[in-house]
Peer 1: 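Sharing a structure below in structure tokens format, with a few things to ask.
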Amino acid sequence: MNRDRLRRLISSAFVGACALAVLLALVPLAMVLFFVVRQGIGSLNLAFFTSMPRPVGEAGGGMANAIVGTLMLTGIASLMAVPVGVMSGIYMSEYAGTWLAIALRFAADTLNGVPSIVIGVFAYGIAVLPFKQFSALAGGFALGIMMIPIIARTTEELLLLVPNALREGALALGATRARAVFTVIVPAALPGIITGIVLALARIAGETAPLLFTSFNNRFFSRALTQPISSLTVQIYTYAISPYDDWHRQAWAGALVLVGFVLTCSLLARIATARIRRLRG
Amino acid sequence: MRDLPFRIIVGAFGCVLALLVLAIGVELTRQSWLSIQKFGFHFWTTDTWDPVAGQFGALPFIWGTLYSSLLALAIAAPVALGIAIFVSELCPAWLQTPLVFLTELLAAIPSIVYGLWGIFVLVPAIRALEIWMPEPLRAIPLLSGPPLGVGMLAAGVILAVMIVPFTSAVAREVLQTVPAAQREGAYALGATRFEAIRAALFYARTGIIGSIMLGFGRALGETMAVTMVIGNNPQVSASLFAPQYTMAAVVANEFTEASDELYLHALVEIGLVLFVITLVVNAGSRLLIWGLGRSGRTRPSRVADVEASAA
Amino acid sequence: MTHQVSSPTRFTTGLSVRDGRDPALNQAPKAVKIDVEHLSFFYGVKRALEDISLQIQANLVTAFIGPSGCGKSTFLRTLNRMNDIIPGARIEGHVRIDGLDAYASGVDVVKLRRKVGMVFQKSNPFPKTIFENVAYGLRINGLAASKSELAGRVEESLKQAALWGEVKDRLHESALAMSGGQQQRLCIARALAIRPDIILMDEPASALDPIATQRIEELVYDLKQAYTIVIVTHNMQQAARISDHTAFFWLGRLVEYDRTDKIFTNPSEKLTEDYVTGRFG
């Protein structure tokens, strides 16, 4: 009897410990969100989005150049990563089980695990060193590499969810494989694929390390593809490690914008995914 | 075969993906050749990092990377497993989705934001802890050193926060592959919840280890947040409070300052080794996790459901 | 228990034939539409079909019956090469359609499938509108020169499938909003739209209620004026009701092939008799 009491006690303690683990993980989440909002909200106004950084000692100013820079960098990355990622995903799902599909899945998971700083070094060697010039293109290239495996894997997963009956239906009507894929299978999975792209965008928009020595940074407004360009994340980093309070405030405001963007994307993706699941029954 | 052109075109895009991984390895080797030739394996066993004198020893960075990652793992693994077990086995069904979403948010917050929070919130808190630390305790090597705030402990804590969502997500999926019969079998023998879950964990042990390794792989390569709180001092120290340095952080900090070619090549070599280490760790963890998935994915079940149906 | 054959009007005595290629089967001589010779089918090393030979005649309904796993669906799918998409599948022997070998090298699978339509067990409408579902095969095969021709062929097909009256006012609504029986008739209309010669039906009514089933059966009866129909069914009464010829499969072999009334009243094989009288399966 006593032994059983002990067993039940251990069991209850274990359940309690698991619940505690959940709370423990939510504390930093709440704290990060709380501080980002509290510290950032004060400096966040219209000027933050429309004006340029001010020199040290002058309060105010904004991150207009960095916001445009981040948009451009993610745009370049998407142009590169969406075709490669989606097509790779199509190969992995359409020819699942072939050695190339298995190799691709492994490559995608491997690439996904490569540290972002290493991607930065690689992009430096490929896209900066030969031209002796930091550039927006090099930064977009680095981010694109990070985006490819995410898009490839979500595309693969969602295409595999499309019932095989639809594929067979199209083939039985005399569709070629390509026709079946692009007119029936991909459209059926499209909402999910777009969701995956949005999540990938959210992830790379927050990347700093691959940009440090590819797109570098730029104090001025630039839209040139072959020039260094500012980005929200690198700008936050520069401000955060500086000794000036004005810049710290700007860094927090930048972080708030970034977190707001990332969380909105995650939330939208989450809602979209839930709806897709429900439609599929 | 009318499908052949389609297959070739789609496959070609796929090959871009596969070739990227190879290209990274080749390019990094090429760009670090000077350093590899000059220092050889010695590079990893000496601890003098003096760019001005042209002396490059990467031991402090290896040490700092392993130390911070293992520290993070020690903190994160129990928490992540607790979350995975709670979400997949214990909590009411309606709570599952929100909890999964919240842990996903933890993974969605950018590294730079964690770093910012680390500098301005976590580091001051740790400095306060260090100042409060009684003198006798500070005599222990693990807790020695001046109260700077920045250092190994700050890096470990922030890394732990960042890898919890990865490990818990994979561990949760792994637990869902455990057949209901495993838990039912345990319950049928009069097991308590804890004992039934222990049986499930044992059944899925390779996958669980895989999920922890995956978190370790993440921690090894994490850059920004660590760079901002670890103190960036190339020394080999056992102290949690000592400022140290990691491989990723030294590349991030010094890459654009590298004035001569040897310096640059030494930094790229650090990146190359980081690439190889994470490759091995990730491949190992994937093999463990996939191996489990292959050995029979059956209907997902949860302890809570088994209990509900038993009631 | 024994089954009463429900179609006494078609009851005539016939010669018993073991080999499906026996000319005695052609009592009312009709053209041979599908000629299968020594066909074997393998999944990897497992042989799923063993040395099957039979001839299917034009403008008749031919039913394949047998217990689950007997190979009847696999055999059906060899007739329009739907098994091609299964990795590791291999075939030996010949399938001739209108005298042309379907597996000869250089045969265009896409053209073959256009000629040999297929309706699946579970209705598989594409997630598009009703109109677009029927128009799909016409569009991808470039079979309608103009918009009005396209609309005309869609209407014609829906009428043939006895669906026009029910859907003519909601052609541009999603096909997924239809009832199960309507969806299956839509899939039949979709197959008819590209004007195949042969229609393969893989248990087309197995997921439907009795009323919807009856409508499909009536449809099959009407369609045989213009098409050659091959239907797989696990429902023996259904085979007896709608088919002219019946083939009984067991463990990947063709046990007996004869006129339907003969199979159900006076089979030559003990195995067939056991099956149709419900002694096993």
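We name chains A, B, ... by the order of the sequence lines, and we start the count at 1 in each one. Because only heavy atoms are used, hydrogens play no part in the values below, and waters and symmetry mates are left out as well, while side chains stay in. It should be emphasised that the depicted structure is a prediction, and the values quoted were computed from it without experimental measurement.
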Peer 1: How far apart are the closest heavy atoms of B:Gly82 and A:Ala21, and which atoms are they?
Peer 2: CA-CB, 3.9 Å

Peer 1: Would A:Phe122 and B:Leu20 count as a side-chain contact (heavy atoms from CB on, under 4.5 Å) if you check the C-alpha gap in whole Å, the side-chain angles of each, and the deciding distance to 0.1 Å?
Peer 2: CA-CA 10 Å; A:Phe122 171 67; B:Leu20 270 175; 4.1 Å; yes

Peer 1: In residues 26-33 of chain B, which residues are in contact with chain A at a heavy-atom separation under 4.5 Å?
Peer 2: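 Checking residues 26-33 of chain B against chain A gives B:Glu27, B:Leu28, B:Gln31.
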
Peer 1: Side chain from CB out, backbone as N, CA, C, O: work out which of these in A:Ile148 comes under 4.5 Å of a heavy atom of chain B, or both, or neither.
Peer 2: side chain

Peer 1: Heavy atoms under 4.5 Å from chain B: which residues of residues 199-209 of chain A carry them?
Peer 2: A:Arg203, A:Gly206, A:Thr208, A:Ala209

Peer 1: Between A:Ile126, A:Ile241, A:Leu100, which residue shows the highest count of heavy-atom pairs closer than 4.5 Å to chain B?
Peer 2: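 That would be A:Ile126.
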
Peer 1: Would you list the pairs meeting side-chain hydrogen bond (donor to acceptor under 3.5 Å, both in side chains) in which at least one residue belongs to residues 85-97 of chain A, sequence neighbours left out?
Peer 2: A:Tyr91-B:Arg7, A:Glu94-A:Arg167, A:Glu94-A:Arg177

Peer 1: Quick one: what part of B:Val164 sits under 4.5 Å from any heavy atom of chain A, side chain, backbone, both or neither?
Peer 2: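 Just the side chain, heavy atoms under 4.5 Å.
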
Peer 1: Answer with side chain, backbone, both or neither: which region of A:Leu24 has an atom nearer than 4.5 Å to a non-hydrogen atom of chain B?
Peer 2: side chain

Peer 1: Given that the side chain runs from C-beta out, which part of B:Ile158 has a heavy atom under 4.5 Å from chain A: side chain, backbone, both or neither?
Peer 2: neither

Peer 1: Can you pull out every side-chain hydrogen bond (donor to acceptor under 3.5 Å, both in side chains) where at least one residue sits in residues 103-122 of chain B? Sequence neighbours excluded, please.
Peer 2: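 Every side-chain hydrogen bond (donor to acceptor under 3.5 Å, both in side chains) pair that includes a residue of residues 103-122 of chain B, provided the two are not neighbours, is A:Arg270-B:Glu104, B:Ser111-B:Glu222.
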
Peer 1: Answer with yes or no after comparing the ring centroid distance for B:Phe255 and A:Tyr124 against a 6.0 Å cut-off, counting only values under it.
Peer 2: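 When the ring centroids of B:Phe255 and A:Tyr124 are compared, they turn out to be within the sub-6.0 Å range.
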
Peer 1: Parallel, tilted or perpendicular: which one describes the rings of B:Phe120 and A:Trp252, with boundaries at 30° and 60°?
Peer 2: tilted

